[in-house]
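Reviewing the structure listed below.
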Amino acid sequence: MAAIQKEIVAYDHLRDALEANHFGEWAVVYDEELVGTYQSFELAAREAVKRFGQGPYLIRQVGAPRDPLMILSQYVSLNAIG
């Protein structure tokens, strides 16, 4: 899980701009850069898997609270897509 920490820090730096312009969308962060925002988790995950394989990368809903159970659920769903 430590490998994802740099993506979380990068997201936190982008948070204000993302919340102002993309609230509710799903952001993909890879290699400390915003890859893009997507209308659904599934679209974000498909793009991340297509471009970066198994990662690590961060997929987070813009504006959503950091709920550990939601993160685990998204991880399981992402593995089903890959």
Side-chain angles (χ1 to χ4, degrees):
M1 197 61 143
I4 196 71
Q5 190 60 37
K6 69 179 184 173
E7 313 306 354
I8 293 170
V9 169
Y11 177 88
D12 287 342
H13 283 104
L14 299 166
R15 182 188 313 273
D16 289 342
L18 285 168
E19 288 183 358
N21 299 302
H22 299 282
F23 196 88
E25 295 179 17
W26 293 85
V28 175
V29 178
Y30 175 77
D31 199 20
E32 301 179 68
E33 298 288 333
L34 177 66
V35 173
T37 59
Y38 304 86
Q39 294 299 313
S40 70
F41 173 78
E42 290 76 17
L43 290 173
R46 287 185 197 284
E47 183 65 17
V49 169
K50 182 173 103 178
R51 291 179 65 179
F52 311 116
Q54 293 300 309
Y57 36 77
L58 176 70
I59 302 174
R60 179 169 291 167
Q61 188 172 28
V62 177
R66 291 180 65 180
D67 179 352
L69 292 177
M70 177 61 85
I71 292 168
L72 176 61
S73 171
Q74 292 164 2
Y75 176 78
V76 170
S77 297
L78 180 58
N79 282 328
I81 291 171

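All values below were derived from every heavy atom in this structure, side-chain atoms included, with hydrogens, water molecules and symmetry-related copies excluded.
Sorted by first then second residue, the salt bridge (Lys or Arg N to Asp or Glu O under 4.0 Å) pairs that include residues 13-31, not counting sequence neighbours, are K6-D31, D12-R15.
Taking all atoms of both residues into account, the shortest heavy-atom contact from S40 to W26 is C-CD1, 3.2 Å.
E7 places a side-chain N or O within donor-acceptor distance of the main-chain N or O of E32, the cut-off being under 3.5 Å.
In this structure A27 satisfies the side-chain contact (heavy atoms from CB on, under 4.5 Å) test together with Y11, L18, L34, T37, V62, sequence neighbours excluded. The side-chain contact (heavy atoms from CB on, under 4.5 Å) check on E47 picks up Y38, K50, R51, with sequence neighbours excluded. For F23, there are no ring pair (Phe, Tyr, Trp, His ring centres under 6.0 Å) partners two or more places apart in sequence or in a different chain.
Atom CG in L14 sits 11.5 Å away from atom CZ in R60 (nearest 0.5 Å). The distance from atom OH of Y30 to atom CD1 of I59, rounded to the nearest 0.5 Å, is 13.0 Å.
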